[in-house]
Amino acid sequence: MARRSNEPVFWSLFGAGGVIVAFVLPVIIFVTGIAVPLGIWPAEIMAFDRIIVFAGSWTGKFFVLAVISLPLWHAMHRIFLGLHDLGIKRGRTFFRRLCYGVALLGTLIPIVLLIGI
């Protein structure tokens, strides 16, 4: 009987992070870095009160968590696979725990902070 692997969990987080990086982050960068500063969209869209209300709703909390956490899982999985591609065999378990531990920490900290909002 073959041993079960936990790789599908990490691959799904990697894939979801890739989707966020490819489709959501460019829109966020456009809105916050180009459209509002250049006056293409009104500045009221990024008003502090509106952002706090959005981040305080469950939809906003989920969105903020997804935008922070999933790209971090994507990046850490890429770093881990890059180390594997470079031929680093010694310390594989250490690097796996380090990469995924950083991603887990980067997920848990926003969860704790978002619960307080």
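Within the structure, the salt bridge (Lys or Arg N to Asp or Glu O under 4.0 Å) test picks out no pair touching residues 22-35 (sequence neighbours left out).
Atom NE2 of His84 is separated from atom CD1 of Ile79 by 16.0 Å, given to the nearest 0.5 angstrom. Note that the CZ atom of Phe10 and the NE2 atom of His74 stand 15.5 Å from one another [nearest 0.5 Å]. Distance check: Phe94 CZ to Leu83 CG gives 10.5 Å after rounding to the nearest 0.5 Å.
In terms of hydrophobic clustering, with Ile, Leu, Val, Met, Phe, Trp and Tyr side chains grouped at heavy-atom distances under 4.5 Å, Val67 and Ile45 are assigned to different clusters. A continuous path of Ile, Leu, Val, Met, Phe, Trp and Tyr side chains, each step under 4.5 Å between heavy atoms, connects Leu81 with Ile88, placing both in one hydrophobic cluster. Hydrophobic clustering keeps Phe48 apart from Val53 (ILVMFWY residues linked when any side-chain heavy atoms are closer than 4.5 Å, directly or through intermediates). No continuous path of hydrophobic side-chain contacts links Val64 to Phe23 [ILVMFWY only; heavy atoms under 4.5 Å]. Tracing side-chain contacts under 4.5 Å through hydrophobic residues (I, L, V, M, F, W, Y), one reaches Ile115 starting from Leu65; they form part of the same cluster.
Looking at every heavy atom in both residues, Glu44 comes nearest to Arg50 through O-CD, 3.1 Å. Taking every heavy atom of both residues into account, Ile68 and Pro110 meet most closely at CG2-CG, 3.8 Å. Minimum interatomic distance between Pro71 and Ala66 (heavy atoms only, all atoms of both residues): CD-O, 3.3 Å.
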Side-chain atoms of residues 24-43: list all donor-acceptor pairs with protein atoms under 3.5 Å, sequence neighbours left out, distances to 0.1 Å.
residue, atom, partner, partner atom, Å
Thr32, OG1, Ile28, O, 2.7

Return all side-chain donor-acceptor pairs below 3.5 angstrom for residues 98-109, not counting sequence neighbours, or 'none' if the list is empty.
residue, atom, partner, partner atom, Å
Tyr100, OH, His77, ND1, 2.5
Thr107, OG1, Ser69, OG, 2.7
Thr107, OG1, Trp73, NE1, 2.9
Thr107, OG1, Ala103, O, 2.9

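The closest side-chain heavy-atom distance from Phe80 to Arg92 is below 4.5 Å. Looking at heavy atoms from C-beta onward, Ile51 lies in side-chain contact with Met46 at the 4.5 angstrom threshold.
Side-chain atoms of Lys61 never come within 3.5 Å of backbone atoms of Ala55 as a donor-acceptor pair (strictly under, hydrogens ignored).
Within 6.0 Å of CZ on Phe54 lie more than 12 heavy atoms contributed by other residues, nucleotides or ligands.
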